[in-house]
2 protein chains.
Amino acid sequence: MTKRTDRRADALSRERIVEAAIAILDAGGEGALTFRALAARLATGSGAIYWHVADKEALLAAATDHVVTRAMAGAISGVGADGAGPRQAIRVIALGMFDAIDAHPWVGAQFSRAPWQPATLRVFEAIGGRVRALGVPEGAWFNAWSALVTYIFGAAGQNAANARLQAPGTDRSAALADIAGGWARLDPADYPFLRQVAPQLAAHDDRDQFLAGIDLILAGIGTVR
Amino acid sequence: MTKRTDRRADALSRERIVEAAIAILDAGGEGALTFRALAARLATGSGAIYWHVADKEALLAAATDHVVTRAMAGAISGVGADGAGPRQAIRVIALGMFDAIDAHPWVGAQFSRAPWQPATLRVFEAIGGRVRALGVPEGAWFNAWSALVTYIFGAAGQNAANARLQAPGTDRSAALADIAGGWARLDPADYPFLRQVAPQLAAHDDRDQFLAGIDLILAGIGTVR
DNA sequence: ACCTGAACACCGTTCAAGT
DNA sequence: ACCTGAACACCGTTCAAGT
């Protein structure tokens with residue numbers, strides 16, 4: 001029972017609008033997504049878009065939901081019934097989120113703007129279910145879950161910021177070298193720690209670093225008995 | 001040796017502009033800060049502001065820096081030479097950041113937009129110095145520090161989002177009751193965990209929750225030997 | 001039911017002109 | 001050196017008018 005308008009391949013639809021929005025966001029970042037640019041890409045008027053989505057906030061929310069849903073499907077499928085424990089499942093889900101935001105930095109900023117979206121809820125549940133399977137006492141579930149999702153979504157926002165700050169052409173390691181260089185030049189009397197870890201900042205990998213944080217939280221959860 | 005223009009109490013200055021911006025941000029949120037509103041409050045033209053600050057991004061950065069500097073001064077002074085260990089110092093600094101963002105929610109969103117500001121650097125150093133004092137092996141310093149600051153600034157962004165989502169009049173517990181009510185009505189087959197923790201979500205305190213996450217990370221750091 | 005595109009009410013930012 | 005405020009080039013959103 002397809003709707004009449006579905007016959008025209010180029011008919012406007014919420015789905016096509018969201019896909020076009022994602023393409024614009026991926027190509028030019030959040031600043032590039034305007035209703036005029038979107039209308040031009042879809043060869044229609046800007047007002048037409050408003051027939052399918054309420055406003056720009058809803059459009060960004062739908063685009064985020066789309067990306068997260070896809071990322072979660074990939075992560076969860078890699079964690080199926082293959083006997084991987086809940087600890088490993090949490091790591092895989094977290095990395096799935098990290099990679100999704102790495103590929104679509106604008107998604108990261110969106111979480112600290114409109115949480116409680118459907119896809120976010122599924123990530124919450126996926127983490128929560130594994131926390132429960134971790135074997136910690138029931139009274140510790142909520143805190144353990146909260147620490148993990150706060151870290152995962154919080155890091156997402158910061159990675160998005162890093163990506164946005166970076167000059168389009170340059171790669172991450174050049175940007176890190178710049179920042180580390182700045183740290184190395186700080187006054188040693190005021191900033192002994194940052195000076196000391198500057199070389200590690202320059203050499204570190206964001207993804208490994210993110211995972212190390214997950215592991216520290218998991219280790220902390222493991223101490224709760 | 002005061003500058004000539006300092007004689008007029010109402011002379012425009014970067015400092016007065018930043019203070020007015022903070023007042024507008026606190027009163028009406030990020031959406032309320034426009035150059036027109038700021039110019040009106042300072043009884044000047046919008047172009048005058050551009051003589052003192054480069055653009056809106058710089059203005060928001062300066063406002064954030066101002067708030068964080070003040071918060072850090074308060075937190076650090078409460079942690080002086082009174083024998084409190086590094087563990088407790090980390091908790092106090094983290095809570096200082098939490099409270100600052102609780103009072104100025106717009107600050108939270110700013111971190112995931114322009115990190116590496118002077119005040120942020122001081123928070124980084126303050127946490128890092130205490131990590132070093134924690135007694136973990138030197139090879140673990142960088143990961144431990146990174147997990148803590150990612151969590152602290154990440155939670156900041158999410159708290160800011162929560163504050164922004166909330167209807168101006170209502171209080172946090174009413175908003176939490178709403179969300180928890182939604183969780184309690186989810187399909188138990190798909191969302192067993194969220195259904196189960198819904199009552200805890202309704203009853204929890206954001207600040208305690210935040211601190212519990214810090215403690216879990218600290219516990220995880222404690223396992224590294 | 002869905003699309004068009006001009007119009008409206010805003011923005012941030014610039015800049016000639018003032019003092 | 002600093003301030004003014006009109007002007008410019010944008011936005012998101014609306015809505016009468018079309019099909």
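In what follows, chains carry the letters A, B, and so on, assigned in the order in which the sequence lines appear, proteins first and then strands, with residues in each chain numbered from 1.
A distance of 4.5 Å separates CG of B:L194 from CD of A:E125, quoted to the nearest 0.5 Å.
Applying the 6.0 Å contact sphere to CD of B:E19 captures more than 12 heavy atoms from other residues, nucleotides or ligands.
Taking atom CZ of residue B:R16 and atom P of nucleotide D:dC3, one finds them 9 Å apart after rounding to whole Å. Counting to the nearest Å, the P atom of D:dA1 and the NE2 atom of B:H52 are 13 Å from each other. The distance from atom CG of B:L38 to atom P of D:dC3 is 13 Å, rounded to the nearest whole Å.
Ion pair B:R122/A:D190 not flagged as a salt bridge, since none of the NZ, NE, NH1 or NH2 atoms sits closer than 4.0 Å to an Asp/Glu carboxylate oxygen. Between A:D215 and A:R91, at least one side-chain nitrogen of the basic residue sits less than 4.0 Å from a carboxylate oxygen of the acidic one, meeting the salt-bridge criterion. With respect to A:R207 and A:D102, no salt bridge is recorded, no charged nitrogen being found less than 4.0 Å from a carboxylate O.
The shortest distance between the side-chain N/O atoms of A:W51 and the OP1/OP2 oxygens of C:dC3 is not below 4.0 Å.
Between B:W145 and A:W183, the angle of the ring planes goes over 60°, which puts this pair in the perpendicular group of the 30/60° scheme.
Stretches of at least 3 consecutive Watson-Crick or G-U wobble pairs, with each checked distance under 3.5 Å, appear in DNA chain D as C:4-8 with D:12-16, C:12-16 with D:4-8.
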Check: How would nucleotides 8-19 of chain C be written as a contact map, 5' to 3', with B for base contact, S for sugar-phosphate-only contact and - for no contact, using protein heavy atoms under 4.0 Å?
Finding: ---BBBBB----
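The shortest heavy-atom contact between B:A100 and B:A71 is CB-CB, 3.5 Å.
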Notebook entry, point to check: B:Y191 and A:F124: ring-ring contact (aromatic ring centres under 6.0 Å, His included), yes or no, with the steps?
Noted result: CA-CA 9 Å; B:Y191 296 94; A:F124 283 1; over 10 Å; no
